[in-house]
Structure formats: C-alpha cells, structure tokens
Student: 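Quick one: the structure is below, and I'll ask about it shortly.
Atom set for the values below is all heavy atoms of this structure, side chains included, hydrogens, waters and symmetry mates excluded.
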Amino acid sequence: MARQLNYHDMHAVFTRFREIEPEPQGELHHVNAYTLLVAVALSAQATDAGVNKATGPLFARVDHPQKMLDLGEEALTEAIRTIGLYRNKARNVMKLSRILVEQYGGEVPSSRAALQSLPGVGRKTANVVLNMWFRQPAQAVDTHIFRIGNRTGIAPGRDVDVVERAIEDNVPAEFQLHAHHWLILHGRYICTARKPRCAVCPIFEWCQYEEKTQ
DNA sequence: ATCCCGAGGG
DNA sequence: CCCTCTGGAT
C-alpha cells in the first residue's frame, strides 16, 4: 500500500487538479436537492451515464417526493430498470420519499444523521449530498476515490472510513470542498480501474502506484 | 461475507 | 467471456 503523501506533495497534486479544472462538477443529472439525493442513491454500482439515461425522463415529471409517491413503486421500478440493483433502489426511493413528505415537509434534511437514517442512504450518499448541495467539505469515498487514494498515496487505507479520514486530515483546507470531484473525475477518465492512462496523467510525478506504466 | 443487477467496455 | 460502475442492508 502506498504511503501517505506529505503536505508539500498533497498541495502540489491538488494545485495541479485546480489548474486543469478550477470548478469541478459532478456529472449526475438533477434539478434540485431531492432529485440529487435520488440520483446519488441510484448511482450505487452504476455509471453516471446509465443513471442519467433513466432519470432524465423521470425527473422531468417527478421532481418532488410527493410526486414520487403519486407515481408509485411499480412505475418507478420500470423507469429505472436499466440501472443495476433496481428492485432495492426502487423500494428504498419510495420509502425515502414517504419519510421526506411525512417527516421533513418534503425537504431534504441537511444533517448527516437525518440523511443516513433514510433507507438506501449510507455514509457515502449522505456525504455526496452534503458536499454538492449543502456545500460542506464532506468527503465521500466511493470506488474511484478508494482506488486512487491507495494507488497514489493521496489517501491510503484498508477501508473507506480510514480513507475518508486521510482525506480530511491531509488534503489542504483550501482544496477540501472540491477534492471529491477532482478525485472522481480523475478516477473516471485517467486513473481507471483496468488500464490507467498513466501516459496522460497530470499527477504522474507524485504517484506511488507500483504498476504504473511509462 | 453476501446479495442485489443491468449496461458498457475490453 | 470477465470486469467495472460515485453502495447499502442483512
């Protein structure tokens, strides 16, 4: 496993990310806090492109938890069938929508505890909503960030909560808010799981990945 | 540790 | 064919 990069190298790495993309954006389609929450919940073990394909038509009509209740679980299941794990996801989104209507006035709560108490919403999903909607420096650790953290030395750790803490503790404060999307986009397009594109990697000189090419 | 699960890429 | 994709609940 890679060693944690020191402060100097961490600063250099994120400075490079910022030079390439000053305002990194997520790629999950959404129109408000509710649709963001649903989109992120649907994105488990699925690609953003795959989720967007299903949520485009869905969110055009359903952009509020009450409308989701009106739509019904059968129709939702059909609408998201092309996404993986669709039965569990449809069931969870229906339950979650009911809770939002009955307990939160149809709004998406802004506390981690409230978010994580929703069915189908774990720590990662809660962190993404906290980061993207409520603009908190929450560090969601997904498959990309776990892989990259360990390959590069940006945030090494055997499990996700160790990686999450490594990011909180070692990413310089000025980069905390955008760290999530910089790392996601790097993982999606450069440091891919299968054949990482080391030849075009902007942080190659700091990377500790033992199997890196070039 | 296992299950859920379709789409896309190699 | 096999692997991967912004995980969560049991």
Side-chain angles (χ1 to χ4, degrees), chain A residues 17 21 24-30 33 35-59 73 76-97 99 112-134 136-152 154-155 157-164 166-168 171 176-199 209 211 213:
Chain A
F17 282 143
E21 182 48 78
Q25 306 284 329
E27 296 179 337
L28 269 180
H29 171 246
H30 63 281
T35 51
L36 173 63
L37 174 63
V38 172
V40 178
L42 293 177
S43 72
Q45 300 297 97
T47 61
D48 278 7
V51 173
N52 290 340
K53 189 177 297 182
T55 58
L58 176 64
F59 292 162
E73 183 167 340
L76 175 60
T77 302
E78 208 48 46
I80 66 170
R81 186 171 289 278
T82 53
I83 304 177
L85 317 177
Y86 60 89
R87 267 188 280 261
N88 286 336
K89 288 174 181 176
R91 192 178 312 129
N92 286 331
V93 168
M94 294 309 295
K95 288 185 184 175
L96 158 171
S97 297
I99 293 171
R112 183 204 305 289
L115 287 168
Q116 275 191 239
S117 73
L118 300 170
V121 180
R123 188 175 182 87
K124 181 264 175 180
T125 298
N127 277 337
V128 172
V129 173
L130 289 172
N131 179 264
M132 290 184 67
W133 193 260
F134 296 106
Q136 294 179 30
Q139 299 301 338
V141 177
D142 57 34
T143 181
H144 290 305
I145 291 177
F146 186 80
R147 179 180 69 251
I148 292 159
N150 279 290
R151 278 182 180 174
T152 59
I154 289 172
R158 297 286 181 194
D159 51 1
V160 295
D161 60 321
V162 173
V163 171
E164 181 177 326
I167 294 173
E168 291 174 348
V171 175
Q176 284 276 334
L177 184 61
H178 293 308
H180 176 69
H181 284 129
W182 278 319
L183 294 172
I184 286 289
L185 295 174
H186 183 63
R188 185 174 297 163
Y189 297 113
I190 305 292
C191 196
T192 50
R194 226 126 16 122
K195 282 173 55 184
R197 305 171 61 199
C198 300
Y209 189 34
E211 299 177 44
T213 57

Student: Base, sugar-phosphate or nothing for Lys89(A)? Non-hydrogen atoms, less than 4.0 Å.
Tutor: nothing
Student: Let's go through Lys53(A) and Thr82(A) carefully: what are the C-alpha distance in whole Å and the side-chain angles of both, what is the deciding distance for side-chain contact (heavy atoms from CB on, under 4.5 Å) to 0.1 Å, and is it a yes or a no?
Tutor: CA-CA 9 Å; Lys53(A) 189 177 297 182; Thr82(A) 53; 5.6 Å; no
Student: Taking the side chain as C-beta and beyond, is there a heavy-atom pair between Leu28(A) and Val40(A) under 4.5 Å?
Tutor: yes
Student: How about His144(A) and Leu183(A): do any of their side-chain heavy atoms sit closer than 4.5 Å?
Tutor: no
Student: Donor-acceptor pair, Asn150(A) side chain versus Arg158(A) backbone, under 3.5 Å?
Tutor: no
Student: Would you indicate what Leu118(A) reaches in the nucleic acid, counting non-hydrogen atoms under 4.0 angstrom: base, sugar-phosphate, or nothing?
Tutor: sugar-phosphate
Student: Looking only at side-chain N and O atoms, does Thr143(A) come under 4.0 Å of OP1 or OP2 in dT6(C)?
Tutor: no
Student: Over all strands shown, is Ala193(A) touching base, sugar-phosphate only, or nothing at heavy-atom distances under 4.0 angstrom?
Tutor: sugar-phosphate
Student: Can you tell which of dG6(B), dG8(C), dG8(B) lies closest to the side chain of Tyr86(A)?
Tutor: dG6(B)
Student: So, is Gln45(A) near the phosphate of dG7(C), with a side-chain N or O under 4.0 Å from OP1 or OP2?
Tutor: yes
Student: Quick one: is Arg87(A) getting a side-chain N or O under 4.0 Å of the dC5(B) phosphate, OP1 or OP2?
Tutor: yes
Student: With a non-hydrogen cut-off below 4.0 angstrom, is Arg188(A) in contact with a base, only sugar-phosphate, or nothing?
Tutor: base
Student: For dT6(C) and dG10(B), measure between their P atoms and round to the nearest Å.
Tutor: 14 Å
Student: Atom CG of Leu42(A) to atom P of dC5(B): distance rounded to whole Å?
Tutor: 13 Å
Student: Once you round it to whole Å, what is the distance between P of dC5(C) and OH of Tyr189(A)?
Tutor: 13 Å
Student: Within the structure shown, what part of the strands sits under 4.0 Å from Gly50(A) by heavy-atom distance: base, sugar-phosphate, or nothing?
Tutor: nothing
Student: Is a donor-acceptor pair below 3.5 Å formed from side chain His144(A) to base dT4(C), judging by atom type as modelled?
Tutor: no
Student: Where each residue is assigned the nucleotide of DNA chain C containing its nearest heavy atom, which of Gln116(A) and Gln25(A) is assigned the position nearer the 5′ end?
Tutor: Gln25(A)
Student: Of all the choices, dT6(C), dG8(B), dG8(C), which nucleotide is nearest to the side chain of Thr125(A) once you look at every atom?
Tutor: dG8(C)
Student: Touch check for Val121(A), heavy atoms < 4.0 angstrom, all strands: base, sugar-phosphate only, or nothing?
Tutor: sugar-phosphate
Student: Is the closest side-chain heavy-atom distance between Val121(A) and Val129(A) below 4.5 Å?
Tutor: no
Student: If you count the non-hydrogen atoms of other residues, nucleotides and ligands that lie under 6.0 Å from CZ in Arg197(A), is the total more than 12?
Tutor: no
Student: From the options dC5(C), dG10(B), dT6(C), select the nucleotide whose nearest atom is closest to the side chain of Arg194(A).
Tutor: dG10(B)
Student: Round to a whole Å and report the spacing from NZ of Lys53(A) to P of dC5(C).
Tutor: 18 Å
Student: Indicate, with a heavy-atom threshold strictly under 4.0 Å, whether Arg91(A) touches base, sugar-phosphate, or nothing.
Tutor: nothing
Student: What is the separation between atom CZ on Phe146(A) and atom C1' on dC5(C), rounded to the nearest whole Å?
Tutor: 16 Å
Student: Roughly how many Å is it from CG in Asn52(A) to P in dC5(C), rounded to a whole number?
Tutor: 17 Å
Student: Provide the distance between the two C1' atoms, one in dA7(B) and one in dA9(C), to the nearest whole Å.
Tutor: 24 Å
Student: Taking atom C1' in both dC5(B) and dC5(C), compute the distance separating them and give it to the nearest angstrom.
Tutor: 12 Å
Student: Less than 4.0 angstrom from a charged side-chain N to a carboxylate O is my criterion; do Arg123(A) and Asp161(A) meet it?
Tutor: no
Student: Could you tell me the separation between the CD1 atom of Ile83(A) and the C1' atom of dG8(B), rounded to a whole number of Å?
Tutor: 14 Å
Student: Among dC5(C), dG10(B), dT6(C), which is the nearest nucleotide to the side chain of Leu28(A)?
Tutor: dT6(C)
Student: Could you state the atom-to-atom distance from CG of Asn88(A) to P of dC3(B) in whole Å?
Tutor: 13 Å
Student: To the nearest Å, how far apart are Glu164(A) CD and dT6(C) P?
Tutor: 19 Å
Student: For dC5(C) and Arg147(A) - does any side-chain N or O of the residue sit under 4.0 Å from the phosphate oxygens OP1/OP2?
Tutor: yes
